[in-house]
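If you read the sequence from its start, that first residue is 1, and numbering goes on from there.
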Amino acid sequence: MSTGAIGGYFELELPHTRTQVFPEAIRIQSARSAFLALLRAAKPSRVWMPHYLCDTMYAPLRKAGIEYMHYAIDERFHIVDEPELGTGDWLYYVNYFGVRDDYVDSLVTRYGEKRIVVDNCQAFFSKPRDCVATIFSPRKFFGVPDGGLLLTTIPVELPTHRDIDSQTRSKYLIERLASTPEAGYSSYKMAEQSLEELEPRRMSQLTDILLSTVDFTEVRRKRNKNFLALHAELARYNQCEFDPSTIDGPLCYPLLVDAAGLRDHLIAARIFVATYWPDVLGRVANTATETTLVKNLFPLPCDQRYGESEMRRIVDVCLIFLNNNKPD
C-alpha cells in the first residue's frame with residue numbers, strides 16, 4: 001500500500017504534467033555541471049572552444065584539468081579557419097541564439113559524430129545530433145530555477161546526490177510573478193551565483209516537475225511567430241545573417257547593429273536585453289568580431305510570454321532610436 005501523504009496544506013498548484021522532454025537525457029543541476037560530468041567520463045585530449053562564450057563553460061574544463069584551445073567566429077557565427085583536430089580532440093560549438101542549425105549539420109558532417117559537442121543552451125528546440133553530446137539549458141527558455149540536460153552515448157554516471165537548492169533559488173521566479181522584474185533582480189543574481197558550484201548533482205525534483213508542465217508545442221509556436229514578427233520589421237537593419245525559414249523556437253531575435261546607446265534606450269523603456277558576454281572582451285582584441293558581437297548584438301525578447309502587441313512595442317522603440325541616430 002502507498003504511504004504517500006494525503007491531506008494537509010496545499011503545495012503550489014501547477015498544470016497537469018505532460019510527457020517529459022528528452023526522457024533519455026541525463027538530468028543535472030546546470031549545463032556547466034553536465035559538461036563537467038561529460039569531461040570526467042570521456043577525458044578528451046583537448047577541446048576547441050569558441051572565444052565568444054560565457055566563461056562559465058570554461059570552468060568545467062579547468063576543474064577537469066582538460067586542455068583547451070580557442071577559435072574565432074564571424075558575424076554569421078561560422079568558425080573562422082576551422083581547426084584540424086588531433087587524436088582525442090573535440091570541437092565544442094554553440095548553436096548561437098538558436099539560429100545556426102544549418103551550420104551545426106555541416107560541422108557534424110565535416111568532423112564526424114565522435115568529435116563534436118553541440119551546445120544547445122540557446123537552442124532548446126533544436127533536435128539533438130548524432131555527436132559526442134548535446135547540452136541543453138532549460139532555464140534560459142522556461143520559468144525554472146536551474147537544470148541542465150545532457151544527451152550522449154558516452155556512459156556518464158548519474159550523480160548520487162540530488163540538488164536541493166531549488167527552493168531557495170526559486171525566489172526570483174516568485175518575486176517576478178508577484179511583482180516586477182526589478183523587484184526580483186537581486187534574487188536572480190544570487191540564484192545565478194549559486195550555480196557556480198560545479199560539482200554535478202541530479203536535477204532537483206522541483207525543476208523536473210516544473211518542466212513536465214510546459215506545453216512545448218505552444219512555446220515553440222509563439223517563439224517562432226514573435227521572431228518572424230521582429231524580423232519582418234528589423235531585417236533591413238540587421239547585420240546578423242541567418243535564414244529565417246530554418247528558425248525553430250529561438251532564444252531571442254539577435255539584432256546586430258552598430259547603434260551605441262540602443263541597449264540603454266531599450267532598458268529605459270523597460271525592454272530588458274542581456275549582453276552576451278562581457279567577459280569575452282578580456283580574451284579577444286578590440287578589433288575582433290567577438291568584440292563587435294559583445295557590443296553591438298541586441299538579443300531582443302521573443303519568448304512565449306509575449307505576443308503581437310509586445311513585438312510591436314519592441315519594434316517601435318528600436319525604430320525610434322535607429323531612425324533618430326542614423327550615421328552621417
Side-chain angles (χ1 to χ4, degrees), residues 20-28 30-54 57-58 60-61 64-74 76-138 140-141 147-159 200 203 216 220 242-243 245-251:
Q20 187 60 273
V21 66
F22 300 130
E24 71 278 26
I26 298 169
R27 313 174 92 75
I28 308 288
S30 68
R32 69 196 77 168
S33 295
F35 188 32
L36 176 58
L38 177 70
L39 292 169
R40 285 174 170 171
K43 299 179 176 61
S45 301
R46 187 171 58 172
V47 182
W48 287 81
M49 300 287 289
H51 281 298
Y52 189 54
L53 180 63
C54 181
M57 295 310 286
Y58 282 89
L61 291 156
I66 302 295
E67 181 184 0
Y68 57 86
M69 303 290 288
H70 291 114
Y71 64 79
I73 61 170
D74 61 24
R76 300 170 299 162
F77 309 122
H78 287 198
I79 299 173
V80 177
D81 298 326
E82 293 178 355
E84 294 298 324
L85 301 185
T87 303
D89 285 4
W90 287 353
L91 180 81
Y92 186 101
Y93 180 75
V94 179
N95 189 349
Y96 292 100
F97 310 108
V99 302
R100 280 280 72 106
D101 266 6
D102 52 350
Y103 189 57
V104 170
D105 289 333
S106 72
L107 288 175
V108 173
T109 300
R110 159 114 161 71
Y111 287 103
E113 62 187 48
K114 297 185 184 299
R115 315 298 293 277
I116 300 284
V117 175
V118 177
D119 180 330
N120 269 348
C121 292
Q122 296 187 339
F124 188 86
F125 293 97
S126 175
K127 64 181 178 66
R129 271 41 178 204
D130 291 328
C131 58
V132 171
T134 307
I135 300 172
F136 295 89
S137 180
K140 292 182 173 60
F141 282 77
L149 302 174
L150 173 66
L151 283 87
T152 181
T153 57
I154 292 172
V156 175
E157 187 175 349
L158 189 66
M203 182 185 287
F216 295 103
R220 185 200 304 254
F242 51 80
D243 179 357
S245 69
T246 67
I247 305 305
D248 196 14
L251 177 73

**Q** Answer whether the closest heavy-atom distance between the side chains of Pro200 and Arg40 falls below 4.5 Å.
**A** yes

**Q** Pick from Cys131, Pro83, Ser106: which one makes a side-chain contact (heavy atoms from CB on, under 4.5 Å) with Tyr111?
**A** Pro83

**Q** Is there side-chain contact between Cys121 and Ile135, with heavy atoms separated by less than 4.5 Å?
**A** yes

**Q** For Arg115, give me all partners under salt bridge (charged side-chain N to carboxylate O under 4.0 Å, His left out), at least two apart in sequence or on another chain.
**A** none

**Q** Do Phe124 and Leu149 have side chains that approach each other closer than 4.5 Å (heavy atoms only, starting at C-beta)?
**A** yes

**Q** So, do Ile116 and Arg129 sit near enough that their side-chain heavy atoms are less than 4.5 Å apart?
**A** no

**Q** Considering the options Leu39, Val47, Leu38, which one meets the side-chain contact (heavy atoms from CB on, under 4.5 Å) requirement together with Pro60?
**A** Leu39

**Q** For the ring pair (Phe, Tyr, Trp, His ring centres under 6.0 Å) test, which of Tyr58, Tyr92, Trp48 pairs with His70?
**A** Tyr58

**Q** Mind checking whether Phe97 and Phe242 have side chains closer than 4.5 Å, heavy atoms only?
**A** no

**Q** How about Asp119 and Phe35: do any of their side-chain heavy atoms sit closer than 4.5 Å?
**A** no

**Q** Which of these, Asp89, Leu61, Ile66, Leu85, sits in a side-chain contact (heavy atoms from CB on, under 4.5 Å) with Pro44?
**A** Ile66

**Q** For residues Leu107 and Ile79, determine if any side-chain heavy atom of one lies less than 4.5 Å from a side-chain heavy atom of the other.
**A** yes

**Q** If you define the side chain from C-beta out and look only at heavy atoms, does anything of Phe136 sit under 4.5 Å from Phe22?
**A** yes

**Q** Are there over 12 heavy-atom neighbours, none belonging to Glu84, within less than 6.0 Å of that residue's CD?
**A** no

**Q** For a ring pair (Phe, Tyr, Trp, His ring centres under 6.0 Å) with Tyr52, tell me which candidate from Tyr71, Tyr93, Tyr96 qualifies.
**A** Tyr96

